[in-house]
Amino acid sequence: MPYDIDPRLLRAFAAVAEELHFTRAAARLYVAQQALSRDVRRLEGELGAQLFVRSTRQVALTAEGERLLPYARRVLAAHEELAAAFRAEPARPLVVDVGAPVGTAHRVLAEARRRVPESCELVARFHSGLTGAAAALAAGRLDVSFGRFAGLPAPARAGLDHQPVRLERMAVLLRADHPLAGAAAVPLGGLAGETLYAAAGNPHTAEWTDLAARLFDGRGIAMAEPFPEIEGAEEFVRVVRKHGWSVLASTEFIEVPGMVLRPLVDPVPLSPVGMVWRRGLRHPGLDALRAAAREVGAREGWRALPDVDWWLPAADGAAMGVATGVATRPAAQDAAADGVAPGV
């Protein structure tokens with residue numbers, strides 16, 4: 001009796017023994033009937049015994065076949081248990097904070113979901129703010145988030161990995177009756193004397209408020225007073241409309257009835273968006289997200305710099321892989337005062 005019988009041969013034998021029909025057994029195993037017959041003959045040769053009596057109308061087990069069948073079943077069951085013990089477990093759901101149901105992160109998630117098998121679950125949550133997400137990432141309560149990586153404290157960045165995704169152009173959300181609402185774009189200088197809401201008072205979005213403060217500095221733009229964290233798009237719309245705030249935003253933003261979104265220019269301020277995850281994380285969903293961000297970004301030029309003057313703090317430029325330039329227009333003042341990398 002050989003000790004190294006191929007389980008495939010035993011599987012072929014068991015299928016024929018149970019079906020007593022070579023054609024049905026072949027269909028059950030998804031193999032050609034000729035291949036199945038060849039495997040049965042090979043097993044008979046290795047055992048030195050005839051296992052079936054074949055005729056044009058009938059297939060029957062011989063006495064040797066009857067004796068082998070219970071052993072073959074036990075061997076195949078043990079083989080399946082062994083395979084199951086080392087079979088990779090389905091990946092757990094990957095929790096991804098996209099901030100809002102619009103914009104860069106939402107689009108990357110949608111593309112990644114088209115790439116993964118049905119068994120790979122990417123679960124979205126909508127808590128905007130990378131500062132707030134950083135603690136959840138470190139603790140394992142969240143897997144992936146998006147935002148301004150350079151705006152996190154150095155200790156938080158130390159435990160995270162980062163992939164640059166997009167340089168979003170910034171915008172301002174204005175009341176429909178605002179004097180600047182009719183313009184196709186709003187120059188930053190035109191906001192001098194204005195007060196803009198930039199989430200001051202929300203500890204989860206401190207990196208965004210800091211970016212706004214850097215942008216407003218020296219331009220005569222005031223930051224709206226700190227306000228409690230606003231949760232949910234519906235509540236955000238209610239509060240903004242009630243207070244009549246103009247809002248610093250990006251050019252992809254939720255719709256707010258009675259307000260209009262206008263891009264900012266002269267210079268074009270850029271909001272750096274990176275994908276951030278806990279260092280050492282391995283998951284097929286993360287691989288899909290990273291690939292989706294690269295491909296969509298390359299296709300749509302997400303990391304391309306404007307061909308006019310632009311504004312971006314130097315630390316953010318370094319995190320996003322953006323080389324500093326030399327300004328030829330008022331953006332040069334930012335470079336001197338804030339380490340800003342303006343475009344030419």
Side-chain angles (χ1 to χ4, degrees), residues 84-168 203-208 211 250 252-254 270-304 312 315-322:
F86 288 90
R87 190 175 294 136
E89 292 292 327
R92 64 172 179 80
L94 192 78
V95 183
V96 185
D97 191 343
V98 296
V102 295
T104 301
H106 186 260
R107 292 176 62 188
V108 170
L109 176 61
E111 176 63 26
R113 281 174 168 163
R114 286 191 282 269
R115 295 168 173 269
V116 296
E118 192 68 24
S119 59
C120 184
E121 184 64 74
L122 302 178
V123 180
R125 77 168 203 176
F126 302 92
H127 296 181
S128 63
L130 186 57
T131 302
L137 288 168
R141 299 189 302 273
L142 175 67
D143 296 307
V144 180
S145 189
F146 292 79
R148 183 187 169 219
F149 184 67
L152 294 176
R157 295 197 305 269
L160 301 172
D161 277 330
H162 165 252
Q163 175 176 319
V165 175
R166 187 178 186 181
L167 293 168
E168 290 185 341
H204 299 300
T205 56
E207 78 288 346
W208 174 254
L211 185 66
S250 65
E252 291 186 28
F253 200 70
I254 61 172
L270 301 174
S271 170
V273 178
M275 183 188 305
V276 183
W277 63 94
R278 185 173 56 261
R279 184 158 294 166
L281 175 65
R282 298 290 182 271
H283 194 285
L286 174 61
D287 297 337
L289 286 165
R290 297 189 67 187
R294 283 192 297 268
E295 291 197 14
V296 177
R299 185 171 66 242
E300 301 194 14
W302 276 1
R303 293 175 63 194
L312 181 70
D316 293 282
M320 296 295 290
V322 174

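All values reported here derive from a predicted model rather than from experimental measurement.
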Is there a donor-acceptor pair closer than 3.5 Å between any side-chain N or O of [X] and the backbone N or O of [Y]?
X      : Y      : value
Arg278 : Leu137 : yes
Arg166 : Gly297 : no
Arg148 : Asp316 : no
Glu207 : Thr131 : yes

Any non-hydrogen side-chain atom of [X] less than 4.5 Å from a side-chain atom of [Y]?
X      : Y      : answer
Glu252 : His106 : no
Leu211 : Pro272 : yes
Trp277 : Leu289 : no
Arg157 : His162 : no

Closest contact, heavy atoms only, [X] versus [Y]:
X      : Y      : answer
Arg279 : Leu160 : NH2-O, 2.7 Å
Val144 : Leu286 : CG2-CD1, 4.0 Å
Ala319 : Ala150 : CB-CB, 4.1 Å
Asp143 : Arg92  : OD1-NH2, 2.7 Å
Thr104 : Glu168 : OG1-OE2, 2.6 Å
Leu94  : Gly285 : CD2-C, 3.7 Å

Show your reasoning for whether salt bridge (charged side-chain N to carboxylate O under 4.0 Å, His left out) applies to Asp161 and Arg290. CA-CA 12 Å; Asp161 277 330; Arg290 297 189 67 187; over 6 Å; no
Is the number of heavy atoms from other residues, nucleotides or ligands within 6.0 Å of CZ (Arg299) greater than 12?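 Enclosed: over 12 neighbouring heavy atoms sit under 6.0 Å from CZ of Arg299.
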With rounding to the nearest 0.5 Å, note down the distance linking [atom1] in [X] to [atom2] in [Y].
X      : Y      : atom1 : atom2 : answer
Glu111 : Glu295 : CD    : CD    : 7.0 Å
Met320 : Trp302 : CE    : CH2   : 11.0 Å
His127 : Ser145 : NE2   : OG    : 11.0 Å
Arg125 : Asp97  : CZ    : CG    : 4.0 Å

Test Phe146 against every option in Leu109, Val276, Val108, Leu130 by the side-chain contact (heavy atoms from CB on, under 4.5 Å) rule and name the one that passes.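 It is Val108; the other options fail the test.
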Mind checking side-chain contact (heavy atoms from CB on, under 4.5 Å) for Phe253 and listing every partner two or more places apart, or none if nothing turns up?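 Phe253: side-chain contact (heavy atoms from CB on, under 4.5 Å) contacts with Leu173, Phe236, Ala249, Leu261.
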